[in-house]
Amino acid sequence: MLKLAFLNLKSYQKEILIFLSFIIISLIVFSPSFLNLNYFWDDERFVFLNPGLIQAPDWFSFWNFKSEFYKSWPLGYSFFWLLIKNFPTQSIIFYKIINIIIHSLNGYLVYRFLKKLNFNLAFIISLIFLVHPMQVEAVSWVFQLLTLTAFSFFMGSLLSLLDFTESGKKTSLFLSFVFLLFSLWTKSIALLAPILFIFIFWYRNLKLSKYILLIPFFILSVYVGLSNQRGVDRTLSNLKPQNNIYAFLNIFDD
């Protein structure tokens with residue numbers, strides 16, 4: 001019993017060290033970006049001077065379709081609202097470091113996913129994911145906190161689904177659904193996730209009767225997709241002729 005506990009402790013220590021190493025590597029690789037204290041692209045308009053965030057009375061406003069502050073990605077904007085209300089918007093480096101920490105977490109989650117699939121090069125592949133040049137935009141652009149956090153929730157959903165395929169526990173399947181919901185509420189990057197889940201079931205050789213359990217995931221994906229379209233349609237309907245270009249750009253802030 002003690003030997004098993006000792007082995008588990010060593011395993012946890014190894015996982016913590018991997019995560020911490022990912023944070024250190026990310027800080028080194030992306031240091032030129034987060035040490036640049038200038039606004040990146042349209043962070044100023046989308047985040048720090050966005051009246052839709054600054055003037056919102058509470059986080060619930062983003063969830064209320066009748067509110068002028070309603071957003072298609074309410075959970076993501078709730079995160080931003082909490083940050084802006086509690087931390088100075090002048091400290092851009094603070095927000096960039098948050099991005100780097102979440103990105104490091106994502107690299108670690110990719111590593112855990114590959115390990116569950118028994119990939120021999122799980123660490124190397126996840127390291128490539130971590131430092132690939134295409135990640136610079138997501139890490140440097142403060143507004144991409146939405147994308148990074150949505151990906152974290154998506155990976156949580158994917159890992160929970162893998163747990164379900166291994167153990168058959170309905171709790172894991174429920175957690176997978178909840179994490180996917182959180183991901184889509186943060187940013188709708190995982191709308192097609194249910195299709196990937198079908199391949200996971202196939203890869204794990206689950207019986208065809210189990211596939212019916214994915215129906216709620218497809219319903220969720222369709223519902224969120226239609227809700228996003230509703231939010232875009234609402235933005236377009238509020239366009240003023242003299243502000244067409246500016247208002248159109250605000251669609252991407254929705």
Asks: If hydrophobic clusters are built from ILVMFWY residues whose side chains come within less than 4.5 Å, do Phe94 and Leu53 share one?
Replies: yes

Asks: Does any part of the side chain of Val139, heavy atoms only, come nearer than 4.5 Å to the side chain of Lys96, both counted from C-beta?
Replies: no

Asks: Side chains of Phe30 and Ile97: closer than 4.5 Å at any heavy-atom pair?
Replies: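 No, side chains not in contact.
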
Asks: Is the gap between the ring centers of Phe65 and Tyr70 under 6.0 Å?
Replies: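 Yes: the rings meet the under 6.0 Å criterion.
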
Asks: Show the numbers, then the answer: is there a side-chain contact (heavy atoms from CB on, under 4.5 Å) between Ser157 and Phe197?
Replies: CA-CA 10 Å; Ser157 177; Phe197 293 171; 3.4 Å; yes

Asks: Would you say the ring centroid of His103 lies under 6.0 angstrom from that of Phe22?
Replies: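 No; Phe22 has its ring centre 6.0 Å or more from that of His103.
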
Asks: Between Glu137 and Gln144, which heavy-atom pair has the shortest distance, and what is it?
Replies: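 Scanning both residues completely, I find the closest heavy atoms to be O-CG, 4.0 Å.
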
Asks: Taking the side chain as every heavy atom from C-beta outward, state whether Phe164 and Leu213 have any pair of such atoms under 4.5 Å apart.
Replies: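 They are in side-chain contact.
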
Asks: For residues Leu192 and Ser221, report the shortest heavy-atom separation together with the two atoms involved.
Replies: N-OG, 4.4 Å

Asks: Give a yes or no on whether Phe174 atom CZ has more than 12 heavy-atom contacts from other residues, nucleotides or ligands under 6.0 Å away.
Replies: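 Open: at most 12 neighbouring heavy atoms sit under 6.0 Å from CZ of Phe174.
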
Asks: Looking just at side-chain N and O atoms, do Ser104 and Ser26 make a donor-acceptor pair shorter than 3.5 Å?
Replies: yes

Asks: Are the side chain of Asn99 and the backbone N or O of Ser140 linked by a donor-acceptor pair below 3.5 Å?
Replies: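 No; judged by distance alone, with no hydrogens or angles, the pair does not exist.
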
Asks: According to a 4.5 Å side-chain heavy-atom criterion applied to Ile, Leu, Val, Met, Phe, Trp and Tyr, with indirect links allowed, do Leu181 and Phe218 form part of one hydrophobic cluster?
Replies: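 Same cluster.
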
Asks: Just to verify, which of Phe201, Phe199, Trp202 counts as forming a ring pair (Phe, Tyr, Trp, His ring centres under 6.0 Å) with Tyr211?
Replies: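 Going through the options one by one, the only one that passes is Phe201.
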
Asks: Might you point out which heavy atoms bring Ile212 and Ser209 nearest each other, and give the distance in Å?
Replies: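 Closest approach of Ile212 to Ser209, heavy atoms only: CG2-O, 3.2 Å.
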
Asks: For Leu109 versus Met155, what's the shortest heavy-atom pair and its separation?
Replies: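 The answer is O-CE, 3.5 Å.
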
Asks: Please name the residue in the list Phe153, Phe179, Trp63, Phe62 that meets the ring pair (Phe, Tyr, Trp, His ring centres under 6.0 Å) test with Trp185.
Replies: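 Exactly one pass, corresponding to Trp63.
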
Asks: Run the side-chain contact (heavy atoms from CB on, under 4.5 Å) check on Phe119 and Tyr111 step by step: do they pass?
Replies: CA-CA 9 Å; Phe119 274 73; Tyr111 166 76; over 6 Å; no

Asks: Return yes if some donor-acceptor pair links the side-chain N/O of Asp58 with the main-chain N/O of Ser61 below 3.5 Å, else return no.
Replies: yes

Asks: Start with the C-alpha distance between Lys85 and Trp59, add both sets of side-chain angles, then the distance that settles side-chain contact (heavy atoms from CB on, under 4.5 Å), and finish with yes or no.
Replies: CA-CA 10 Å; Lys85 291 297 180 180; Trp59 63 269; over 6 Å; no

Asks: How many angstroms lie between CD1 in Ile100 and CG in Leu27, if you round to the nearest 0.5 Å?
Replies: 5.0 Å

Asks: Do the non-hydrogen side-chain atoms of Thr186 and Trp73 ever get within less than 4.5 Å of each other?
Replies: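 A side-chain contact under 4.5 Å is absent here.
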
Asks: Show your reasoning for whether side-chain contact (heavy atoms from CB on, under 4.5 Å) applies to Ile219 and Ile215.
Replies: CA-CA 6 Å; Ile219 294 175; Ile215 291 178; 3.8 Å; yes

Asks: Just by modelled atom types, is the Leu162 backbone N or O under 3.5 Å from a matching donor or acceptor in the Thr165 side chain?
Replies: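 Here the side-chain-to-backbone pair exists.
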
Asks: Kindly say whether Leu148 contributes a backbone atom to a donor-acceptor pair with the side chain of Ser152 at under 3.5 angstrom?
Replies: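 Here the side-chain-to-backbone pair exists.
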
Asks: How are the rings of Phe217 and Phe177 set relative to one another: parallel (under 30°), tilted (30 to 60°) or perpendicular (over 60°)?
Replies: perpendicular

Asks: If you define the side chain from C-beta out and look only at heavy atoms, does anything of Ile98 sit under 4.5 Å from Leu83?
Replies: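 Yes, their side chains come closer than 4.5 Å.
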
Asks: Are Leu226 and Val222 packed together at the side-chain level, in the sense that at least one heavy-atom pair is separated by less than 4.5 angstrom?
Replies: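 Heavy-atom side-chain distance check passes, below 4.5 Å.
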
Asks: Starting from Leu17, can I reach Ile25 by hopping between I/L/V/M/F/W/Y residues whose side chains sit under 4.5 Å apart?
Replies: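 As far as the 4.5 Å side-chain criterion goes, Leu17 and Ile25 are not connected within one cluster.
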
Asks: Main chain of Leu184, side chain of Ser188: is a donor-acceptor contact present, judged purely on distance under 3.5 Å?
Replies: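 Side chain of Ser188 to backbone of Leu184, a donor-acceptor pair under 3.5 Å: no, none is there.
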
Asks: Would you call Leu196 and Leu158 a side-chain contact if the rule is heavy atoms closer than 4.5 Å?
Replies: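 Leu196 reaches Leu158 side chain to side chain.
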
Asks: Would you check if the side chain of Ser126 reaches a backbone N or O of Phe123 as a donor-acceptor pair within less than 3.5 Å?
Replies: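 Yes, the answer is positive, given that a donor and an acceptor are paired below the 3.5 Å cut-off.
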
Asks: Mind checking whether Phe129 and Phe151 have parallel, tilted or perpendicular rings, split at 30° and 60°?
Replies: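 Judged by the thresholds at 30° and 60°, the geometry between Phe129 and Phe151 is parallel.
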
Asks: What are the two closest heavy atoms between Phe69 and Ala56, and how far apart are they?
Replies: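 What the structure gives for the nearest pair is CE2-N, 3.7 Å.
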
Asks: Is there a continuous path of hydrophobic side-chain contacts, each under 4.5 Å between heavy atoms, that joins Met134 to Val136?
Replies: no

Asks: For a quick test of reading the model, state the closest non-hydrogen atom pair linking Lys116 to Asp163 and the distance between them.
Replies: NZ-OD1, 2.6 Å

Asks: Tell me whether Ser176 contacts the main-chain N or O of Ser172 through its side chain, where contact means a donor paired with an acceptor under 3.5 Å.
Replies: no

Asks: Is any side-chain heavy atom of Arg204 less than 4.5 Å from a side-chain heavy atom of Leu117?
Replies: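 Yes, side chains in contact.
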
Asks: In terms of hydrophobic clusters joined by side-chain contacts under 4.5 Å, are Ile198 and Leu180 together?
Replies: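 Yes.
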
